[in-house]
Amino acid sequence: MKNLFIRAAAAWLGLAFVLLTGLSLAGCGKHKKAIVVGFAQTGAESAWRTANTESMKAEAELQGIILKFADGQSKQENQIRAIRSFVTQGVDAIVLAPIVVTGWDVVLREAKRAQIPVVIMDRKIETTDESLYVTFIGSDFYKEGTLVADWLAKNAGGRTKIVELQGEPGSAAANERRRAFADGLKNHPELKLIDSQTGNFRRSEGKQVMEALIKKHGKEIEILYAHNDDMALGAIQAIEEAGLKPGKDILIVTIDAIKEAVQAVVDGKINCTVECNPLFGPKIYSTIKQILRKETVEKQMYNQDELFDSTNAAAALPTRKY
Ligand code: AHR
């Protein structure tokens, strides 16, 4: 009797094991584990940045990727803390939009030790060890600055004195746009940079700094080069409040080509804006998938950007996506 009971219990256990194993195997086949990505964003300093964040969030949702988003609030230490927390959480990949160029090696080494691939997005870093990240995806900031300088050389119409509104100090975007523009002016000695100050890529600071520059230089200012549209749009307010006409009394050249700036080109208040496309969520995630499949990816991938001035802004406006 006792034997019979033991045999029946064993048979039941065996059946339950077969059923459970079968069910879990069937489940594995149906549900692939979602990819988890940690994204350390710089902050929300400009309309460009907002569009970039939106692109990353919307595309993650579309592709069923779990995105852990950390807003660095314009502080490198916040971004470093976010990366450490992504490492602790064991995400599949990390995307970093580095606020400044230097100071990343220690934390990126921690990610590498945890075997988490890192994609550098938008702004480049300087590192002693290029193996700390897999790839860089973004725009060519030097080329943007060159395009602006070349456009000015052809279209300044006798105006020569330039003031510059720089982006975030220490960022790749500000460094490269500044360097390229200065290099471009070397070939055109008639164009002279009379002042250069930071507006931190922010509209409010663009306005304040332009007010101060107008106070300091008065009507001497003939051209404004802003490292991004937000600062240019802030500066336009200062120029108008000073009783001057943006785009006429002061020529305005800028970078990003957000919709509002392309509209300002159509309205004649901005003379030229060079595109810096922020909508590269799709490219980031397709690259991460390649990396996770152990495929080789290029070390640097650049977005294709255009220039808008009075010749093409009106035609481009209806299809601008950011
Ligand atoms: O790094 C890209 C720059 O950062 C954009 O030109 C600017 O608008 C943003 O804040």
Side-chain angles (χ1 to χ4, degrees), residues 39-56 71-76 78-79 95-102 104 119-126 133 136-149 164-181 198-207 209-210 224-236 252-265 270 272-281 283-284 300-308 320-322:
F39 173 28
Q41 177 62 291
T42 59
E45 71 278 4
S46 63
W48 186 99
R49 189 63 57 191
T50 307
N52 177 248
T53 297
E54 277 309 305
S55 167
M56 288 292 287
D71 179 340
Q73 299 183 340
S74 298
K75 290 201 170 75
Q76 184 177 30
N78 291 345
Q79 289 195 290
V95 178
L96 166 65
I99 181 146
V100 287
V101 175
T102 53
W104 301 102
V119 173
I120 304 291
M121 189 191 82
D122 167 38
R123 299 180 183 174
K124 283 189 174 168
I125 59 164
E126 268 166 35
Y133 67 94
F136 163 81
I137 303 175
S139 287
D140 184 340
F141 297 141
Y142 189 88
K143 188 171 164 203
E144 292 168 352
T146 306
L147 284 172
V148 172
E164 178 183 42
L165 284 175
Q166 296 172 38
E168 184 95 44
S171 68
N175 291 354
E176 292 299 285
R177 288 171 185 172
R178 186 164 190 216
R179 190 166 67 88
F181 190 71
T198 184
N200 276 311
F201 284 133
R202 285 175 175 75
R203 198 172 292 211
S204 55
E205 291 182 49
K207 179 170 189 277
V209 177
M210 193 65 199
L224 164 67
Y225 167 41
H227 286 190
N228 82 342
D229 288 343
D230 276 79
M231 292 189 295
L233 291 162
I236 285 174
I252 301 179
V253 288
T254 171
I255 296 173
D256 274 356
I258 60 170
K259 216 175 197 169
E260 208 180 332
V262 179
Q263 178 66 60
V265 175
I270 287 179
C272 139
T273 179
V274 170
E275 186 177 41
C276 177
N277 195 325
L279 309 179
F280 43 101
K283 180 77 185 160
I284 294 283
Q300 303 188 347
M301 292 183 242
Y302 291 106
N303 303 329
Q304 290 302 316
D305 294 322
E306 280 181 65
L307 179 150
F308 298 102
R320 293 304 290 157
K321 290 200 176 64
Y322 67 96

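We're numbering straight along the sequence, starting at 1. We count ligands from 1, going down the list as the structure has it; atoms in each ligand are counted the same way.
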Self-check item: Test log, rule side chain to side chain donor-acceptor pair (under 3.5 Å), inputs D256 and S46
Solution: CA-CA 10 Å; D256 274 356; S46 63; 5.0 Å; no
Practice problem: With the side chain counted from C-beta on, respond yes when K143 and V274 share a heavy-atom pair under 4.5 Å apart, and no when they do not. | Solution: no
Self-check item: Side-chain heavy atoms of F201 within contact of S171, under 4.5 Å
Solution: yes
Quiz item: Is D229 close to W48 at the side-chain level, that is, under 4.5 Å between some pair of heavy atoms?
Solution: no
Exercise. Could you tell me whether E164 and R177 have a side-chain N and a carboxylate O separated by less than 4.0 Å?
Key: no
Exercise. Report yes if the side chains of N52 and M121 come closer than 4.5 Å at any heavy-atom pair, otherwise no.
Key: yes
Quiz item: So which residues, sorted by chain and number, lie with a heavy atom under 4.0 Å of ligand 1?
Solution: E45, S46, W48, R49, D122, R123, F141, A173, R177, F201, N228, D256
